[in-house]
Amino acid sequence: MADSKREIERKYEATPDTRLPDLTGVAGVAAVAPRGVFELDAVYYDTDDLRLAAGSLTLRRRTGGEDAGWHLKFPVRADTRDEIRAPLSDTLPPALASLVRSRVRGRPVAPAVRVLSTRDVHHLLDGNGLLLAEVSIDEVLAERLTARGRGTTSTWTEIEVELADDGDPALLDAVGDRLREAGVRPARSASKLARALAGTAPREEREQRPGTAAPRTAGDHVLAYLREQADALITLDPAVRRDLPDSVHHMRVATRRLRSALRTYRAVLGRAATDPVREELKWLAAELGVDRDREVLDARLRRRIAELPGTLVLGPVRARLDLSSAARRAGARSRVLEALDSERHLALLESLENLLADPPLRPRAAKAPGKVLPRAVLKEHARLAARVGHALELPPGPDRDTALHEARKAAKRVRYAAEAARPALGKPAKKVAARTKKVQKVLGDHQDSVVARDALRTLAAQAHGAGESAFTWGLVYGHEEAAAGERERELPGVWARAAEPGLRAAQER
């Protein structure tokens with residue numbers, strides 16, 4: 001069994017002679033209580049090519065102190081990490097192994113660095129004796145355990161200040177100010193592992209660290225966007241497994257952005273290599289879509305019912321909705337996890353990595369972005385224009401609903417294409433993305449209404465079959481039908497403002 005903890009801490013450089021300044025009186029600190037000296041022995045695990053460290057993840061098995069066990073840390077912000085803990089065992093617990101699966105993808109995870117710390121711990125307490133933060137002075141010895149650099153060691157001393165659960169981050173600022181007044185400076189490394197790897201790295205590893213050259217060509221810009229979305233896909237995998245809020249939505253968006261960019265920028269990347277990847281991205285988006293569509297539908301129906309006066313909610317409406325939602329939730333969650341655990345998902349991530357490591361660049365990839373990217377965005381915009389025009393010519397009904405849904409998908413492709421081009425094209429691309437987003441929002445709300453009405457018909461039939469009143473479901477159906485009609489009337493005006501993409505001038509750059 002693994003549990004999670006939000007860790008907020010800051011690190012400072014120190015020397016073996018460093019002593020803590022008096023911290024009483026700092027932001028409500030009434031007392032500083034010594035807790036003793038602990039000997040900690042942590043072995044950090046990673047792949048041979050340090051994939052976890054590259055993603056700023058730390059996976060360790062630690063003995064000693066008050067929290068012995070396995071710890072997996074995910075970055076949240078500069079001084080904040082989510083720590084997933086599991087009991088001490090000889091092998092990596094399955095719960096943690098699943099959370100690093102998207103990064104290691106079957107590669108062996110083995111000891112990379114051993115860190116021995118002598119920790120002198122002090123607790124900062126308020127006037128009631130409650131813990132505000134923990135401050136420790138750590139004397140550290142790190143040893144490289146990988147094949148390259150094995151046996152290389154590094155030593156240092158540091159101060160850690162970790163906020164207590166539900167503590168006020170302003171306390172960290174106040175303690176930091178007092179430490180700086182005493183001559184203590186912030187640490188250069190965000191974690192012990194990062195400092196250990198830097199301090200024990202063999203020369204060839206330091207020399208091979210890649211630089212970050214600014215994108216120049218059209219191919220550079222497209223690849224930079226694809227790498228950003230591929231990184232998001234990998235990063236969001238454990239977030240979805242942990243069932244974090246909006247994680248499924250963000251992962252699905254990253255999947256769609258990748259697929260859209262591979263389609264839009266075919267002039268830059270060869271289709272023979274990208275089309276198979278696009279098909280697998282389509283599969284993953286569909287699997288994620290089951291859970292995401294359920295989230296959207298549930299929120300919409302609950303909002304509609306909450307808007308009704310109590311006198312119009314007849315029968316066990318909320319109970320039936322809860323039952324239906326729970327059933328959809330269980331099925332959708334299982335399907336998402338099954339997809340993430342599949343070999344097909346791992347193969348997709350490997351294909352993406354290989355594609356980006358050796359991209360199938362076409363001749364236009366070497367040209368200036370202003371000569372290539374606007375043309376691709378304009379082509380997608382023309383497709384959107386045709387679909388919007390076709391939908392608006394149809395009478396209200398199922399055919400128009402389908403046509404508007406197709407226009408919505410085209411609007412997403414325009415928006416994603418413009419977002420990818422924005423670093424190169426600036427304001428014109430930003431304007432296209434912003435205006436198309438408004439079109440997408442109108443079309444999206446319309447499609448959500450179509451889906452909601454279908455669900456409401458099912459709920460009404462179930463209620464009727466159980467001898468319950470179907471009045472409320474029919475009433476909400478009417479509200480959704482009216483909302484869809486309003487979106488259809490709104491669309492021509494929103495589209496008129498987005499119809500001129502304003503990218504043609506960018507082609508002249």
Side-chain angles (χ1 to χ4, degrees), residues 1-5 7-18 20 34-48 50-53 56-75 81-97 99-100 104 108-123 133-162 187-202 205:
M1 182 68 69
D3 55 29
S4 178
K5 176 181 183 297
E7 177 186 83
I8 304 176
E9 69 174 20
R10 295 180 187 173
K11 294 179 180 291
Y12 298 86
E13 304 283 353
T15 70
D17 298 326
T18 299
L20 287 177
R35 296 290 296 175
V37 177
F38 300 88
E39 299 294 333
L40 308 179
D41 186 347
V43 176
Y44 290 81
Y45 285 69
D46 209 330
T47 59
D48 182 59
L50 302 177
R51 287 173 170 253
L52 298 182
S56 299
L57 275 66
T58 61
L59 172 63
R60 74 185 179 202
R61 180 185 185 275
R62 188 164 80 180
T63 57
E66 299 177 343
D67 63 346
W70 286 89
H71 306 153
L72 173 60
K73 299 185 181 184
F74 293 94
R81 291 176 291 183
D82 279 343
E83 181 177 273
I84 316 299
R85 298 178 176 179
L88 199 62
S89 61
D90 292 335
T91 58
L92 177 62
L96 300 192
L99 295 178
V100 299
V104 304
V109 175
V113 173
R114 185 181 187 187
V115 174
L116 303 175
S117 303
T118 299
R119 170 166 289 183
D120 185 6
V121 178
H122 300 76
H123 281 183
E134 180 177 285
V135 181
S136 64
I137 302 179
D138 296 350
E139 295 183 10
V140 185
L141 167 63
E143 178 185 3
R144 179 73 72 115
L145 303 177
T146 57
R148 291 179 296 176
R150 187 188 302 277
T152 306
T153 61
S154 178
T155 61
W156 69 91
T157 304
E158 67 181 30
I159 295 175
E160 278 190 7
V161 184
E162 181 176 347
R188 290 166 292 177
S189 297
S191 68
K192 283 185 172 64
L193 176 62
R195 182 155 185 173
L197 289 173
T200 62
E205 186 176 298

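Since the model is a prediction, treat every value here as computed from it, not as a measurement.
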Steps toward side-chain contact (heavy atoms from CB on, under 4.5 Å) verdict (Ile84, Trp70):
CA-CA 8 Å; Ile84 316 299; Trp70 286 89; over 6 Å; no

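Taking Phe74 as the reference, nothing meets the ring-ring contact (aromatic ring centres under 6.0 Å, His included) condition, with sequence neighbours excluded. Remark: Asp138 engages Arg119, Ser136, Lys192 in a side chain to side chain donor-acceptor pair (under 3.5 Å) (not counting sequence neighbours). In this structure, the side chain to side chain contact (heavy atoms under 4.5 Å, CB included) partners of Ala42, at least two apart in sequence or on a different chain, are Tyr44, Arg60, Arg62.
Taking all atoms of both residues into account, the shortest heavy-atom contact from Ser56 to Pro75 is O-CD, 3.3 Å. Of all the heavy atoms in Glu13 and Arg188, the pair that sits closest is OE2-N, 3.1 Å. Nearest heavy atom pair, residue Thr63 against residue Arg61, reads CG2-NH1, 4.0 Å.
The number of heavy atoms from other shown groups lying within 6.0 Å of CG (Asp48) does not exceed 12.
A side-chain contact (heavy atoms from CB on, under 4.5 Å) with Thr157 is found for exactly one of Thr118, Asp17, Ile137, Thr18, namely Ile137.
Under 4.0 Å is where a charged nitrogen must lie from a carboxylate oxygen, and between Arg81 and Glu83 no such pair does.
Arg150 places none of its side-chain heavy atoms less than 4.5 Å from the side chain of Arg144.
Formation of a donor-acceptor pair under 3.5 Å by the Arg114 side chain with backbone atoms of Asp41 is not found in this model.
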